[in-house]
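Structure, as structure tokens:
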Amino acid sequence: MKIVVCIKQVPETNDVTIDPVTHNLDRRGLAGVMNPFDKNAIELALHLKDTASEDVQVALLTMGPDDYAESLREGMAMGADAGYLLSDRAFAGADTLATGYVIAQALKKIGDADLILFGRQAVDADTGQVGPIVAEFLHQPQITYAASLRLSGKNEVTAERLLEDTKQTLVAQLPAVVSVRSELNTPRYPTPRNIQLSFDKPLTVWHHDDLDLDDSRLGQAGSPTIVTKVYAPKPVKRELTPLTGTPSEAASQLITALKSRQLI
Amino acid sequence: MSKPELWVIAERRLDHIEPTTQQLITKAKHLAGDAFHTVVILFEANNDHLEDELTAYGPDEIRIVRDDRFPTATDAEHADALEQLVHKYQPNSILFGATITGRSIAPRLQAKLQTGLTADCLDLRFDDETLVATKPSYGDNIMCEIICPDHRPQMATVRPNTFVAETTPGEATVTTETIIFHPVARLQVKAATPVVNTATTVGDATRVVALGRGAAGAATIDTATKLAEKLGGRIGVSRPLTDQERFTHDDQIGQSGNTIHPELILNFGISGAVQYLVGMQGSQTIVAVNADKDAPIFDVADYGYVGDASAFMSALLDQFV
Ligand SMILES: Cc1cc2nc3c(=O)[nH]c(=O)nc-3n(C[C@H](O)[C@H](O)[C@H](O)COP(=O)(O)OP(=O)(O)OC[C@H]3O[C@@H](n4cnc5c(N)ncnc54)[C@H](O)[C@@H]3O)c2cc1C
Ligand SMILES: Nc1ncnc2c1ncn2[C@@H]1O[C@H](COP(=O)(O)O)[C@@H](O)[C@H]1O
């Protein structure tokens, strides 16, 4: 059985600021880390590898600049068997659609993955769109926000999906695309031995020419959406009426005010 | 020439309409003015009448597609049905709730149509016929305005409880449409059971007593519970209090919790971090009690008391008869 887990690298902290001059995001000095939600997807893959009766190979796939290789190494130190980095200037500036396209083309080249796993969302952009987009491009069934997943037969998985107030049980015949909820598991830490082993695991880098790509669907040109403005949210400032005196005096002022607003 | 269509995709939750649908209809009507034709797309079984929960919100049209397979249809089957309707009607824009269902179907449809989709929006407006969607990024620390200038339809998922649903007089035309249902054989929904949710959630309450780290003692929480009862409301909490056994993530207000719009919220011992404020600053009347006169919560409050949360709360409770 072959599992591919798609992972992204994100800035270490969400405390980003806007450059007052350029009005661009100021990401200086922000180290990259693996998207925390993607570790849940890796953990699921490794759990299946640990428990399945058949041999399970777990590969990681990421599209991004060369330093994304660090997240691949980290995932291999957790126990994944191989990593693929899709890196090319032509891929830069991609929105979710263009990202999903390149990932789908790479998955076709990797070939016959039984299960393709995604995190619930990337914590920087917070969309959760890439998984369903890839599923559609590959014409595969999808189970999003899986709260549990197990192999339930030959080429079959059973998953639970927690909607806002409904629990769904779904059965999919493989191959399938699954995105996972973080409640699913607790990701393991790399052990010193696995860190050691990870350096001998294959990390394959594919550039533009290694994949079968339609250039009009790449990067900025292939991205239908454009960010026109970035700004820091400002809370709406209201006219504050102070309540004064002892707690009892202040409480009585509040009661009068709430009565006049017909709230009590 | 007929007006461009602005669609809201209705979402069902077991036997009901998910409330975000009604919120989106109200927002769509405001956005549309006279320039757009607002259409709700509703997929339901032959004997369902979920449209009855939608007419009061006054969309121009409710377009129903009936098939007994819809109540348990998968994301891909819904996206396929929507794709057929999009090809027929060429809508200008499509809005989904940013619920788990909406966030699962919308990107699948986006890939079929190869158009833009902005996720989890907190605001929407039109510049002529271009939809400008405001979405948070980096955990709500940054807001982005995003457009999709050259592709149609323009699509967005909108965070639940961002807008308030309002009923209006006026008639909605109900029409029916047919599509070819293409079943996906490789994925089956085996069961869908309601998750029992005994209490109303903090998101539904019209009065909220919100507690933060400065109002976290057991006695204070007891007083707050009584106050909430008197007000006919519910307790909500800032994130640190979810570590207490009495509260869960469901009680949390804020970016990673509930977005709420009660008529009245009383904030006790809450500093007012941005991640908290985004979840409650749409409340109608905001009261804050905090020992620190410079706490940011006072920037969004209508009434404020600088002092001890517990003492104020007891005094307030005493004066309720
Ligand atoms: C990605 C991310 C997501 C987050 N999501 C959320 C979220 O959804 N919801 C959320 O709430 N937080 C969220 N947070 C955390 C948020 O940043 C704050 O840490 C949190 O809201 C602080 O809670 P607090 O105001 O209760 O506590 P504190 O910041 O510790 O404030 C306590 C306040 O109580 C006052 N006080 C102390 N004693 C008294 C007293 N006796 N009487 C009156 N006042 C007193 C103090 O002056 C202080 O202002 C998130 C953070 C991150 C990074
Ligand atoms: N550049 C990328 N390379 C590989 N996987 C990605 C990339 N971007 C997103 N993903 C995957 O898609 C999921 C959802 O991301 P997003 O749609 O950006 O919120 C992530 O949790 C990853 O599993």
Side-chain angles (χ1 to χ4, degrees), chain A residues 14-16 18 25 95-97 100 123-129 132-133 135-137 141-145 162-173 176 224-233 235-243 247-248 250-252 254-255 257-258 261 263-264, chain B residues 13-14 75-76 99-101 103-104 107-108 110-112 114-120 137-151 184 186-195 197 263-264 274 277 281 285-287 298-305 307 311-312 315-316 319:
Chain A
N14 271 338
D15 278 335
V16 288
I18 309 266
L25 276 189
D95 70 2
T96 53
L97 190 72
V123 295
D124 50 354
D126 273 339
T127 86
Q129 284 167 198
I133 290 170
E136 174 60 34
F137 285 155
Q142 72 183 43
I143 300 175
T144 53
Y145 300 95
L162 212 51
L163 306 181
E164 276 74 6
D165 51 14
T166 314
K167 193 160 85 181
Q168 273 188 345
T169 308
L170 295 143
V171 176
Q173 277 71 50
T225 57
I226 300 177
V227 179
T228 50
K229 195 172 155 188
V230 243
Y231 60 98
V236 224
K237 200 164 168 102
R238 303 191 184 207
E239 196 62 49
L240 179 75
T241 306
L243 307 167
S248 172
S252 123
L254 181 61
I255 287 192
L258 296 182
R261 291 191 172 210
L263 284 165
I264 51 175
Chain B
R13 252 318 120 60
L14 294 174
D75 301 336
T99 57
I100 288 173
T101 308
R103 280 173 163 242
S104 303
R108 188 107 200 184
Q110 174 201 15
K112 285 176 180 290
Q114 299 209 18
T115 188
L117 170 64
T118 304
D120 201 28
S137 285
Y138 295 94
D140 291 5
N141 279 313
I142 298 288
M143 293 289 159
C144 303
E145 287 190 0
I146 295 180
I147 59 171
C148 168
D150 303 324
H151 294 71
V184 174
R186 285 163 52 210
L187 180 66
Q188 306 90 40
V189 178
K190 287 289 184 208
T193 46
V195 179
N197 205 337
E263 289 170 6
L264 173 64
V274 241
L277 297 182
Q281 61 194 5
T285 297
I286 301 179
V287 181
F298 288 126
D299 291 342
V300 301
D302 299 294
Y303 299 97
Y305 182 65
F312 183 89
L316 189 61
Q319 294 182 37

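Remember, it's a predicted structure, so these values are computed and weren't measured experimentally.
Top candidate by heavy-atom pairs under 4.5 Å with chain B, chosen from A/V123, A/L97, A/D126, A/V171, is A/V171. When A/T228, A/I255, A/L170, A/I226 are compared by the number of non-hydrogen pairs under 4.5 Å with chain B, A/I226 comes out ahead.
Looking at A/L240, both its backbone and its side chain come within 4.5 Å of chain B, counting heavy atoms on both sides. Only the backbone of A/E239 comes within contact range of chain B, with heavy atoms under 4.5 Å apart. At a 4.5 Å heavy-atom cutoff, B/A76 makes no contact with chain A through either its backbone or its side chain. If you measure heavy-atom distances from A/L162 to chain B, the contacts under 4.5 Å come from both the backbone and the side chain.
Looking at residues two or more places apart in sequence or on another chain, you find no side-chain hydrogen bond (donor to acceptor under 3.5 Å, both in side chains) involving A/T127. Residues meeting the side-chain hydrogen bond (donor to acceptor under 3.5 Å, both in side chains) test with A/T225, sequence neighbours left out: A/D95.
Side-chain atoms of B/L187 and A/Q173, non-hydrogen and from C-beta on, never get closer than 4.5 Å to each other.
Judged purely by distance below 3.5 Å, without hydrogens or angles, the side chains of A/E136 and B/Q110 never pair a donor atom with an acceptor atom. A side-chain donor from one of A/R261 and B/Y303 sits under 3.5 Å from a side-chain acceptor of the other.
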Go through the steps for A/T169 and B/V189 under the test side chain to side chain contact (heavy atoms under 4.5 Å, CB included), then give the verdict. CA-CA 6 Å; A/T169 308; B/V189 178; over 6 Å; no
Please evaluate residues A/V227 and B/E145 with respect to the criterion side chain to side chain contact (heavy atoms under 4.5 Å, CB included), reporting the C-alpha separation (whole Å), side-chain torsions for both, the decisive distance (0.1 Å), and the verdict. CA-CA 6 Å; A/V227 179; B/E145 287 190 0; over 6 Å; no
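Side chain of B/R186 to backbone of A/A172: no donor-acceptor contact under 3.5 angstrom is found. Side chain of B/Q319 to main chain of A/S248: a donor-acceptor pair is present (N/O by atom type, distance under 3.5 Å, no hydrogens or angles). No donor-acceptor pair under 3.5 Å is formed between the side chain of A/T144 and the backbone N or O of B/S104.
Here CD of A/Q168 is found 10.0 Å from CD1 of B/I100. Values are rounded to the nearest 0.5 Å.
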